[in-house]
Amino acid sequence: MSKLAILLWSVELERPDLAAAPFVYAAAAAALDAEVEIHFAGRSVRLLVAHEAERCSSSERGGRSLYAFMQDAAHGGARFLACSMAWAEYVREGEATIPELSGHAGATAFVARSLDPTWRTLVF
(Lines give C-alpha, C1' and ligand atoms only; values in the text may rest on other atoms or scores of the structure.)
Protein backbone atom coordinates (compact mmCIF):
# COMPACT_ATOMS: atom_id res chain seq x y z
CA MET A 1 0.00 0.00 0.00
CA SER A 2 1.25 3.49 -0.85
CA LYS A 3 1.59 5.98 1.99
CA LEU A 4 1.57 9.78 1.83
CA ALA A 5 2.16 12.26 4.64
CA ILE A 6 1.33 15.89 3.88
CA LEU A 7 2.65 18.72 6.05
CA LEU A 8 0.66 21.95 6.16
CA TRP A 9 3.09 24.58 7.32
CA SER A 10 2.35 27.77 5.38
CA VAL A 11 -1.37 27.11 4.80
CA GLU A 12 -3.54 29.70 6.53
CA LEU A 13 -7.18 30.75 6.64
CA GLU A 14 -6.20 34.14 5.24
CA ARG A 15 -5.37 32.50 1.87
CA PRO A 16 -8.12 29.91 1.29
CA ASP A 17 -7.46 30.03 -2.46
CA LEU A 18 -4.09 28.39 -1.77
CA ALA A 19 -5.25 26.27 1.15
CA ALA A 20 -7.51 23.98 -0.88
CA ALA A 21 -4.68 22.36 -2.88
CA PRO A 22 -3.29 20.05 -0.17
CA PHE A 23 -6.73 18.57 0.38
CA VAL A 24 -7.20 17.98 -3.35
CA TYR A 25 -3.89 16.07 -3.39
CA ALA A 26 -4.87 14.15 -0.25
CA ALA A 27 -8.23 13.17 -1.75
CA ALA A 28 -6.52 12.09 -4.98
CA ALA A 29 -4.02 9.94 -3.08
CA ALA A 30 -6.81 8.39 -1.02
CA ALA A 31 -8.73 7.64 -4.23
CA LEU A 32 -5.65 5.73 -5.38
CA ASP A 33 -5.91 3.65 -2.17
CA ALA A 34 -2.98 5.33 -0.44
CA GLU A 35 -2.83 5.70 3.31
CA VAL A 36 -2.90 9.48 3.87
CA GLU A 37 -1.99 11.63 6.85
CA ILE A 38 -2.27 15.40 6.90
CA HIS A 39 -0.09 17.03 9.54
CA PHE A 40 -1.20 20.53 10.56
CA ALA A 41 1.65 22.70 11.87
CA GLY A 42 1.97 26.38 12.74
CA ARG A 43 -1.11 28.49 12.13
CA SER A 44 -2.65 25.80 9.93
CA VAL A 45 -4.02 24.20 13.12
CA ARG A 46 -6.71 26.91 13.01
CA LEU A 47 -8.27 24.94 10.13
CA LEU A 48 -9.15 22.27 12.68
CA VAL A 49 -11.22 24.64 14.81
CA ALA A 50 -14.96 24.23 14.19
CA HIS A 51 -16.47 26.65 11.65
CA GLU A 52 -13.17 28.35 10.73
CA ALA A 53 -12.67 26.62 7.35
CA GLU A 54 -16.42 26.64 6.62
CA ARG A 55 -16.47 30.42 6.29
CA CYS A 56 -13.59 30.50 3.79
CA SER A 57 -14.30 30.24 0.08
CA SER A 58 -11.80 28.64 -2.28
CA SER A 59 -11.99 31.53 -4.74
CA GLU A 60 -12.82 35.22 -4.85
CA ARG A 61 -15.91 34.45 -6.93
CA GLY A 62 -17.35 32.11 -4.36
CA GLY A 63 -16.71 28.45 -4.92
CA ARG A 64 -16.62 25.66 -2.41
CA SER A 65 -15.71 26.24 1.20
CA LEU A 66 -12.28 25.20 2.32
CA TYR A 67 -14.00 22.82 4.72
CA ALA A 68 -15.67 21.04 1.78
CA PHE A 69 -12.22 20.24 0.38
CA MET A 70 -11.12 19.03 3.81
CA GLN A 71 -14.16 16.77 4.01
CA ASP A 72 -13.33 15.28 0.59
CA ALA A 73 -9.94 14.22 1.91
CA ALA A 74 -11.36 12.92 5.18
CA HIS A 75 -14.12 10.95 3.45
CA GLY A 76 -11.40 9.29 1.39
CA GLY A 77 -9.73 8.18 4.60
CA ALA A 78 -7.13 10.89 5.23
CA ARG A 79 -6.24 11.32 8.89
CA PHE A 80 -5.91 14.88 10.25
CA LEU A 81 -3.14 15.27 12.85
CA ALA A 82 -2.46 18.50 14.75
CA CYS A 83 1.00 19.51 15.96
CA SER A 84 0.77 19.65 19.74
CA MET A 85 3.09 22.63 20.02
CA ALA A 86 1.16 24.63 17.40
CA TRP A 87 -2.10 23.62 19.04
CA ALA A 88 -0.96 25.07 22.36
CA GLU A 89 0.05 28.30 20.61
CA TYR A 90 -2.88 28.94 18.26
CA VAL A 91 -5.96 27.18 19.66
CA ARG A 92 -7.67 28.58 22.72
CA GLU A 93 -8.79 26.38 25.60
CA GLY A 94 -12.31 25.06 25.02
CA GLU A 95 -12.55 25.82 21.29
CA ALA A 96 -14.57 23.17 19.48
CA THR A 97 -12.84 21.15 16.78
CA ILE A 98 -14.01 19.64 13.52
CA PRO A 99 -15.03 15.97 13.77
CA GLU A 100 -12.36 15.01 11.22
CA LEU A 101 -9.53 15.71 13.69
CA SER A 102 -7.85 12.34 14.30
CA GLY A 103 -5.42 13.37 17.02
CA HIS A 104 -2.10 15.05 17.66
CA ALA A 105 1.34 14.33 16.26
CA GLY A 106 4.36 16.57 16.59
CA ALA A 107 7.36 17.33 14.42
CA THR A 108 9.02 14.04 15.28
CA ALA A 109 6.10 12.09 13.83
CA PHE A 110 6.31 13.88 10.48
CA VAL A 111 10.11 13.62 10.37
CA ALA A 112 9.79 9.90 11.06
CA ARG A 113 7.43 9.61 8.07
CA SER A 114 9.88 11.49 5.85
CA LEU A 115 12.73 9.18 6.88
CA ASP A 116 10.71 6.00 6.41
CA PRO A 117 11.26 4.65 2.86
CA THR A 118 7.69 3.33 2.72
CA TRP A 119 6.25 6.87 2.98
CA ARG A 120 6.24 9.79 0.55
CA THR A 121 5.84 13.38 1.75
CA LEU A 122 4.52 16.70 0.45
CA VAL A 123 4.91 20.06 2.16
CA PHE A 124 2.57 23.00 1.64
Side-chain angles (χ1 to χ4, degrees):
M1 172 184 252
S2 298
K3 300 176 184 180
L4 177 65
I6 298 173
L7 175 63
L8 304 186
W9 174 74
S10 63
V11 171
E12 296 185 23
L13 288 164
E14 290 76 18
R15 290 298 311 267
D17 56 320
L18 299 178
F23 301 105
V24 171
Y25 283 88
L32 294 170
D33 294 324
E35 180 179 344
V36 181
E37 294 179 349
I38 304 175
H39 293 250
F40 294 75
R43 291 177 51 133
S44 75
V45 295
R46 294 294 309 164
L47 297 171
L48 300 168
V49 174
H51 309 295
E52 291 286 317
E54 282 180 69
R55 62 182 174 79
C56 296
S57 175
S58 60
S59 77
E60 292 180 9
R61 296 180 292 172
R64 299 176 73 208
S65 74
L66 181 53
Y67 186 58
F69 287 98
M70 293 171 70
Q71 287 180 307
D72 290 345
H75 290 145
R79 296 180 60 230
F80 292 3
L81 301 167
C83 171
S84 301
M85 199 163 66
W87 192 264
E89 181 71 22
Y90 296 109
V91 179
R92 291 179 292 283
E93 182 83 26
E95 281 189 293
T97 62
I98 61 172
E100 293 82 4
L101 176 61
S102 301
H104 296 265
T108 303
F110 185 80
V111 170
R113 294 294 192 228
S114 69
L115 295 174
D116 185 330
T118 65
W119 283 82
R120 301 292 181 260
T121 58
L122 295 173
V123 178
F124 289 88

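Residues: numbered from 1 along the sequence shown.
- By the 4.5 Å heavy-atom criterion applied to side chains, Thr97 and Phe80 are not counted as neighbours.
- Residue Glu35 holds its CD atom at 4.0 Å from CH2 of Trp119, rounded to the nearest 0.5 Å.
- Note that CG of Asp72 and CZ of Arg64 are 4.0 Å apart. Values are rounded to the nearest 0.5 Å.
- Residue Ile98 is grouped with residue Leu66 when hydrophobic side chains (ILVMFWY) are merged at heavy-atom distances under 4.5 angstrom, including chains of intermediate members.
- Ring geometry, Tyr25 versus Phe124: the interplanar angle falls from 30° to 60°, so the pair is classed tilted.
- When every heavy atom of Thr118 is checked against every heavy atom of Lys3, the shortest pair comes out as O-CB, 3.6 Å.
- Under the 3.5 Å distance criterion, the side-chain polar atoms of Arg46 are matched with a main-chain donor or acceptor of Tyr90.
- No chain of hydrophobic side-chain contacts below 4.5 Å, direct or via other Ile, Leu, Val, Met, Phe, Trp or Tyr residues, connects Trp9 to Phe69.
- Contact check for Val49 versus Val91: side-chain heavy atoms found under the 4.5 Å cut-off.
- Minimum interatomic distance between Ala5 and Arg113 (heavy atoms only, all atoms of both residues): CB-CB, 4.0 Å.
- Looking at every heavy atom in both residues, Pro22 comes nearest to Val11 through CG-CG2, 4.0 Å.
- Put simply, CG on Leu8 and CZ on Phe110 are 9.5 Å apart, with the number rounded to the nearest 0.5 Å.
- Nearest heavy atom pair, residue Glu12 against residue Ala19, reads O-CB, 4.1 Å.
- A salt bridge links Glu95 and Arg92; the closest N-O separation between the charged side-chain nitrogens and carboxylate oxygens is under 4.0 Å.
- Across every non-hydrogen atom of Ser65 and Ala53, the tightest pair is CB-O, 4.1 Å.
- A pairwise comparison of heavy atoms in Ser114 and Thr121 identifies CA-CG2, 3.7 Å as the closest pair.
- The cluster map of Ile, Leu, Val, Met, Phe, Trp and Tyr, joined by side-chain heavy atoms under 4.5 Å apart, puts Leu7 and Ile38 in different clusters.
- Here the options are Glu52, Glu89, Glu14, the test is salt bridge (Lys or Arg N to Asp or Glu O under 4.0 Å), and the partner is Arg43; only Glu14 passes.
- No donor-acceptor pair closer than 3.5 Å links the side chain of Ser102 to the backbone N or O of Leu81.
- To the nearest 0.5 Å, atom SG of residue Cys56 and atom CZ of residue Arg15 are 12.0 Å apart.
- For the atom pair Glu37 CD and Leu4 CG, the distance stands at 9.5 Å (nearest 0.5 Å).
- Taken together through direct or relayed side-chain contacts under 4.5 Å among Ile, Leu, Val, Met, Phe, Trp and Tyr, Leu47 and Val24 form part of one hydrophobic cluster.
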